[in-house]
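Below is one structure, written out as structure tokens, with a few remarks after it.
For ligands, and for the atoms within them, numbers begin at 1 and follow the listed sequence.
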Amino acid sequence: MNTYLNTLNEAQKQAVLQKDGPMIIIAGAGSGKTRVLTYRIAHLMQQGVDSFNILSLTFTNKAAKEMKARIGGVVGDSESKNLWMGTFHSVFARILRSEADKLGFPTNFTIYDSQDSVRLISSIIKELGLDKERYKPKQILGRISSFKNSLVTVRAYHNNPEYLKQDTEASRPKVGEIYKEYVDRCFKAGAMDFDDLLLRTNELLARFPDVLAKYQDRFRYIMVDEYQDTNHSQYIIVRALADKFGNICVVGDDSQSIYSFRGANIQNILNFQKDYPDVKTFKLEQNYRSTSNIVNAANSVIARNKTKLDKEVWTSNDPGEAINVMRTISDGEEGRFVAQSIWENQMNHQLSSDDFCVLYRTNSQSRAIEDALRKKGIDYKIYGGMSFYQRKEIKDLLSYLRILINPNDEEALKRIINYPARGIGATTIDKLTIAANHYKKSIFDIIKYIDKIDLKINSGTKNKLQNFMNMMQSLQIESQTKNAFEIAEIVVKKTLLIKDLEKDGTPEAVSKVENVQELLNGIKDFITDKIEEGADASLTTFLEDVALATDFDSDKEENKPSVSLMTIHQSKGLEYMYVYVVGLEENLFPSAMSMNTRSELEEERRLFYVALTRAEKVAYLTYAQTRYRWGKLVDAEPSRFLEEIDDQYLNYITPKSTNPSINNFVDKSIFDDAPKGIRFQKPIQRKKMERNLVKKKEIIIPKNLKKVSQTSSKSNLFDGNIVVGNFVEHNRFGKGEVLALEGSGPNKKAEIKFGTVGKKKLLLQFAKLKVIG
Ligand SMILES: Nc1ncnc2c1ncn2[C@@H]1O[C@H](COP(=O)(O)OP(=O)(O)OP(=O)(O)O)[C@@H](O)[C@H]1O
Ligand SMILES: [Mg+2]
């Protein structure tokens with residue numbers, strides 16, 4: 001018997017040994033689905049199946065790479081190299097590269113990314129004389145994308161009056177025309193968008209029986225991981241390819257279907273059983289990944305979903321630690337807790353950063369976590385995305401701020417001179433650049449004196465340049481008297497930086513708006529810190545800080561151990577020893593945008609199931625009592641998912657709140673002077689409120705520090721009677737020794753040597769120090 005077969009349980013072995021015919025493996029998280037798929041491929045090859053005849057479709061290319069490496073371990077790398085493995089998009093792009101000419105495309109066709117597609121759709125909308133407000137390019141692209149993924153071609157659209165009816169009801173009767181024009185233009189340009197890679201593959205296989213036969217013969221064994229998240233277009237491709245030999249093995253978990261917003265269809269699992277009446281069904285029930293507390297907790301939550309297939313998940317693993325639940329006062333504090341806890345767990349258990357992962361519902365939540373990790377010097381990587389300060393919308397806003405400090409900053413200026421669009425084109429920018437070089441001045445100066453130099457720029461464009469200059473100069477004047485946060489807020493408003501995005505309404509635009517809001521929150525946290533330290537809170541120091549943060553990003557070595565940060569959507573199929581799921585608050589997770597129907601809510605619950613089941617040993621669930629969202633400080637309530645977990649599996653680090661809302665003890669009048677629309681609180685007020693909360697409720701101390709707090713509760717001081725030689729504890733910097741004191745009254749400062757960050761001078765009135773010895 002082959003040794004790898006001995007590492008499988010009986011049910012897994014059966015699935016690996018089942019060689020021919022259609023089969024489906026439906027099983028819960030961590031039960032070895034991916035492992036079975038991997039060994040199944042290795043086993044097929046051991047049985048003499050040629051690696052060229054095997055196709056395996058994975059959810060990410062990274063998963064494919066890992067799988068290939070494992071198979072290589074069994075059959076040898078030279079053999080596994082020939083396997084066709086990858087995502088649907090990458091595999092079928094490869095096929096289209098050699099077949100696209102049959103469809104009238106050049107084989108070196110371009111692949112449009114979503115930005116290219118949006119640009120093309122925008123110009124079509126303009127050419128057709130349609131209203132951009134009604135026909136929002138990204139929304140139209142979304143609609144076209146869903147047509148393509150459901151195989152509704154332009155012809156199918158026009159043949160079925162139902163589509164026109166839908167679009168007319170949505171006040172966008174011209175969608176069909178845009179769709180046709182878009183497809184024609186892509187075709188003329190020799191370009192395919194992402195959805196075309198699937199749609200055109202379908203077209204290829206449907207129209208050319210010889211091509212279909214060729215790939216049917218080639219891919220005699222087909223495997224699909226994460227089958228629950230395939231869309232209709234993918235489903236049809238797989239069905240066509242497997243039609244001749246019927247050797248198709250799909251693997252999935254209906255409880256982990258989380259991509260319906262992109263057209264994934266959970267019904268594909270059910271359809272599979274109808275399409276192949278002789279299908280062999282395998283169930284894997286034993287979870288090998290997680291402790292029994294985690295498995296049972298996850299089961300207790302997903303049991304609440306009505307739509308699901310019947311299956312069990314159990315484990316023989318130890319109960320392990322209970323799942324830790326942590327409440328923090330604010331999102332900033334949540335980030336600091338996570339960083340501190342990761343650091344302590346690493347130290348206490350001798351772990352590598354690779355063993356840790358932080359999961360969040362929305363992209364913008366990474367900011368607070370990243371900032372806290374960076375402050376603690378813990379390396380991290382953002383999985384499947386960019387780190388916060390690298391994101392386009394963040395760089396745009398930062399560019400405006402950079403120019404206010406240094407108008408000669410050419411890169412920053414070029415970035416935003418026509419963003420948001422104000423009709424200053426590339427030719428104009430070129431003319432300005434040439435003039436700037438010629439006169440040895442900055443572009444900014446050239447624009448300032450645009451009336452005095454003849455650059456052959458027409459008066460309309462000149463006007464636009466002057467408007468831009470007027471805006472920048474008035475911002476510059478304001479920046480001299482305002483702090484970093486106030487000026488950033490004004491920039492966002494005056495430049496209309498997020499106005500367009502806000503109107504757009506697509507998930508990507510929503511995420512960008514959230515990111516911009518989050519940068520403002522970050523700036524606020526920054527000045528609060530600086531004021532607490534009695535240090536400079538100017539825009540210049542903030543930008544310096546960010547520059548260092550970005551440097552930290554570029555410093556990262558590829559393979560250095562680091563904490564993984566990602567959205568839950570990205571985390572499918574992965575596993576980590578320690579998992580932190582943050583932001584467990586109503587309207588954030590479950591998301592406010594997904595609570596309108598039962599099916600949306602059930603998808604959010606599946607997402608939570610995915611998040612929790614990534615953890616092998618220890619899981620932390622955290623939530624904040626207040627969080628800035630949509631520009632407002634909101635009182636957050638704990639997520640219903642926390643309530644849904646059976647209490648026996650939980651360990652409340654902070655006591656379970658009986659009344660989660662803090663409405664009752666926060667004086668709301670502090671918001672009264674906030675401007676309408678964006679209601680940001682003044683940083684100091686927010687900090688004061690946090691301090692009040694700390695006093696009134698309980699002091700938040702990580703579990704392993706509890707002992708310290710008990711012995712120190714009598715001498716618990718937030719300001720005042722500190723003397724040189726005292727040992728104190730700071731919320732973020734941890735424990736330290738007081739080296740010196742200076743000043744008096746509100747200006748009294750202490751110089752403290754912290755174990756974590758070294759020496760710091762802190763203003764006592766803000767520092768929230770506790771004397772611990
Ligand atoms: N029979 C087994 N003996 C020991 N470990 C196993 C066994 N089967 C699976 N595992 C381990 O359990 C973990 C989960 O396996 P795998 O990732 O294949 O599960 P999965 O069902 O694909 O999970 P998910 O639903 O999250 O994608 C992996 O670390 C895997 O190596
Ligand atoms: Mg898997």
Side-chain angles (χ1 to χ4, degrees), residues 1-17 24-43 56-71 73-74 85 87 223-230 249-259 264 266 269 282-292 294-295 298-299 301-302 308-309 311-318 320 354-355 357 359 383 564 566 568-579 581 606-617 619:
M1 175 78 53
N2 294 307
T3 50
Y4 55 89
L5 290 179
N6 298 334
T7 67
L8 300 171
N9 67 28
E10 206 38 48
Q12 292 174 329
K13 209 181 291 176
Q14 292 310 318
V16 167
L17 295 175
I24 185 164
I25 303 172
I26 293 295
S31 58
K33 295 183 297 295
T34 303
R35 186 176 170 117
V36 163
L37 217 57
T38 310
Y39 286 143
R40 195 166 179 276
I41 296 170
H43 190 67
S56 174
L57 297 159
T58 54
F59 177 66
T60 60
N61 284 315
K62 183 170 177 263
K65 235 163 99 186
E66 283 174 11
M67 228 185 215
K68 226 177 211 187
R70 264 202 214 125
I71 296 168
V74 179
M85 239 181 211
T87 60
M223 260 130 308
V224 187
D225 199 0
E226 306 280 359
Y227 189 68
Q228 75 280 0
D229 276 326
T230 48
C249 167
V250 302
V251 164
D253 177 5
D254 56 306
S255 299
Q256 295 185 68
S257 164
I258 53 175
Y259 277 95
I266 199 170
I269 288 186
F282 294 84
K283 288 196 171 176
L284 311 176
E285 299 188 327
Q286 183 171 0
N287 172 302
Y288 288 91
R289 177 179 295 145
S290 315
T291 63
S292 71
I294 293 168
V295 170
N299 283 345
V301 174
I302 201 69
K308 62 181 189 323
L309 298 173
K311 62 184 155 27
E312 300 284 323
V313 187
W314 63 275
T315 184
S316 64
N317 292 343
D318 289 343
D354 284 335
D355 296 323
C357 152
L359 300 176
Y383 192 96
S564 295
M566 68 192 90
I568 302 167
H569 279 101
Q570 288 284 342
S571 74
K572 243 178 20 163
L574 305 177
E575 55 191 18
Y576 293 88
M577 209 182 282
Y578 281 69
V579 169
V581 188
R606 291 195 292 270
L607 203 52
F608 181 64
Y609 177 78
V610 169
L612 192 53
T613 53
R614 298 310 96 200
E616 295 168 22
K617 293 260 174 303

Practice item. Could you check if a side-chain atom of Tyr288 sits within less than 4.5 angstrom of a side-chain atom of Asn9, using non-hydrogen atoms only? Key: yes
Check your understanding: Is Leu8 touching ligand 1 with its side chain, its backbone, both, or neither, if touching means heavy atoms under 4.0 Å apart?
Key -> backbone
Exercise for review: Identify the protein heavy atom lying closest to atom 9 (C) of ligand 1, giving its residue, its atom name and the separation to 0.1 Å.
Suggested key: Arg35 CD, 3.1 Å
Revision key, fill the gap. Looking only at non-hydrogen atoms, the one of Lys572, Glu575, Arg289 nearest atom 28 (C) of ligand 1 is Glu575
Revision key, fill the gap. Closest to atom 25 (O) of ligand 1 among protein heavy atoms sits Lys33 NZ, 2.6 Å
Exercise for review: Apply the test side-chain contact (heavy atoms from CB on, under 4.5 Å) to residues Leu37 and Cys249: give CA-CA distance (whole Å), side-chain angles for both, the deciding distance (0.1 Å), then the verdict.
Suggested key: CA-CA 8 Å; Leu37 217 57; Cys249 167; 3.9 Å; yes
Practice item. Measure up the Phe59 and Tyr259 rings against each other and bin them: parallel (under 30°), tilted (30 to 60°), perpendicular (over 60°). Key: tilted
**Study point:** Atoms of ligand 1, numbered as shown, that sit under 4.0 Å from any heavy atom of Arg614
**Key:** 26 (O)
**Study point:** Within-shell test, Gln286 vs ligand 1, heavy atom, strictly < 4.0 Å
**Key:** no
Study note, to complete from the structure: Note: ligand 1 atoms sitting under 4.0 Å from heavy atoms of Asn9 are 1 (N)
Review point. With a 4.0 Å cut-off on heavy atoms, does Ala27 reach ligand 1?
Key: no
Review point. For atom 27 (O) of ligand 1, which protein heavy atom lies nearest, and how many Å away is it?
Key: Gly573 CA, 3.6 Å
Practice item. State, with a plain yes or no, whether a side-chain heavy atom of Val36 is found less than 4.5 Å away from one of Leu284. Key: yes
Check your understanding: Would you say Gly32 has any N or O atom under 3.5 Å from an N or O of ligand 1, going by distance alone?
Key -> yes
Check your understanding: Just by modelled atom types, is the Gln256 backbone N or O under 3.5 Å from a matching donor or acceptor in the Lys572 side chain?
Key -> no
Practice item. Taking atom CD of Glu312 as the centre, report whether more than 12 heavy atoms of other residues, nucleotides or ligands fall under 6.0 Å from it. Key: no
Review point. Regarding Gln228 and Glu226, is there a side-chain donor-to-acceptor distance under 3.5 Å anywhere?
Key: yes
Check your understanding: Would one find an N or O of Gly30, backbone or side chain, under 3.5 Å from an N or O of ligand 1?
Key -> yes
Exercise for review: Would you name the heavy atoms of Ala63 and Thr58 that are closest together and state the gap between them?
Suggested key: CB-CB, 4.2 Å
Review point. Looking only at protein heavy atoms, which one is nearest to atom 8 (N) of ligand 1, and how far off is it?
Key: Gln12 NE2, 3.0 Å
Check your understanding: Does Thr7 come within less than 4.0 Å of ligand 1, judged by its heavy atoms?
Key -> yes
Point to revise | For atom 12 (O) of ligand 1, closest protein heavy-atom neighbour | key: Tyr288 CB, 3.3 Å
Point to revise | Least distance between heavy atoms, Tyr576 atom then Ser564 atom | key: OH-OG, 3.2 Å
